[in-house]
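In each ligand, atom 1 is the first atom listed, and ligand 1 is the first ligand listed.
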Amino acid sequence: MNNLILEVADQIAVLKISRPGALNALNSETLDELNEVLTEIEGRDDIKVVILTGGPDKKGNEFKSFVAGADIAEMVNFSAAEARAFGMKASVPFFKLMNMRQVTIAAVNGFALGGGCEIAMACDIRIASDNATFAQPECGLGIIPGFGGTQRLARLVGMGRAKELIFTCDNIDANEAYRIGLVNKVVPQDQLMETAQKMAKKICSKGSYAVTIAKAAINNGYDMDIKNAVEMEANLFGITCSTHDKTEGMSAFLERRAADLTDF
Ligand code: CO8
């Protein structure tokens with residue numbers, strides 16, 4: 001891979017978007033690589049959580065940028081058809097981040113602008129370093145957020161705040177992003193990866209199959225009416241009750257011992 005770095009240890013993958021000369025902006029090649037590597041990860045039983053972060057800039061600053069957007073140099077001459085194809089190219093790996101069986105955590109280490117904010121929003125959980133900046137600057141470029149931003153931002157922070165951010169293109173800092181529910185946590189820069197790793201380890205220590213099914217229940221139910229959503233949840237609950245982990249987890253509780261949860 002030219003623009004991604006994958007490191008795996010102790011069931012946790014750290015996936016770094018690395019285009020130092022372009023503040024990790026997403027071009028077609030990076031989106032193709034992302035799709036490929038997420039497909040590979042989804043098939044791996046040794047990875048339970050993926051931490052997505054940005055690599056350093058060309059001066060080696062690790063906290064300059066998470067992802068500074070889609071690649072403007074690539075988009076500048078797009079026809080309408082090419083632009084649509086580019087949007088669809090991103091939507092495939094973005095939906096993988098959202099729906100894959102592994103949990104995905106965005107560790108946002110600097111600029112998360114346009115497509116950068118959008119890829120973070122496609123992850124299950126967002127942790128930001130205290131210098132992170134978020135924005136949807138697209139309307140200032142004469143376009144709209146096209147990597148899911150008009151949809152995911154409204155779902156995360158509500159329609160009024162999403163409209164304000166998208167119409168004004170305002171930058172917001174990490175604390176404001178936390179206040180409006182765009183990120184789960186804000187931590188000092190030097191604690192970002194440690195915090196993400198700690199959360200990932202905690203998730204790995206739970207029943208991994210149960211976590212995957214809970215993720216599917218939350219995602220699938222979100223766009224359903226409550227009656228059908230709760231029925232869907234009951235069906236998935238039934239599936240988790242047929243597992244080794246359910247027998248082991250409940251027996252371990254009753255026998256006052258640590259559970260050995262192995263399903264995935
Ligand atoms: N695309 C391409 N190159 C970029 C991008 C980008 N989004 N962002 C930064 N770069 C490049 C710069 O051109 C520069 O390259 P070079 O050194 O060769 O001149 C290098 O990265 C460093 O950037 P700066 O010199 O500008 O660094 P500064 O510290 O001065 O500024 C900023 C940092 C504020 C982040 C600034 O670079 C900036 O404003 N970048 C653009 C941010 C932006 O507008 N992002 C949104 C892009 S549009 C988008 O994401 C749309 C998503 C949906 C697309 C849907 C298509 C269907």
Considering only distance and modelled atom types, tabulate donor-acceptor pairs under 3.5 Å from the side chains of residues 160-171, sequence neighbours left out.
| from | atom 1 | to | atom 2 | distance (Å) |
| --- | --- | --- | --- | --- |
| Thr168 | OG1 | Glu164 | O | 2.7 |
| Thr168 | OG1 | Asp170 | N | 3.2 |
| Thr168 | OG1 | Asp170 | OD2 | 3.4 |

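The two atoms that bring Ala120 and Phe66 nearest to each other are CB-CE2, 3.8 Å, heavy atoms only.
Geometrically, Arg44 does not engage Phe264 in a cation-pi contact defined by less than 6.0 Å to the ring centre and at most 45° from the axis.
Remark: side-chain polar atoms of Asp245 are paired, donor with acceptor, to backbone N or O of Asp263 under 3.5 angstrom. Looking only at distances, no side-chain donor or acceptor of Arg101 sits under 3.5 Å from a matching main-chain atom of Thr212.
Ligand 1 lies under 4.0 Å from heavy atoms of Gly21, Ala22, Leu23, Ala25, Lys58, Lys64, Ala68, Gly69, Ala70, Asp71, Ile72, Met75, Ala83, Phe86, Gly87, Phe111, Leu113, Gly114, Gly115, Glu118, Pro137, Glu138, Leu141, Gly146, Phe147.
Among Ile12, Asp124, Val49, the single residue meeting the side chain to side chain contact (heavy atoms under 4.5 Å, CB included) criterion with Ile203 is Val49.
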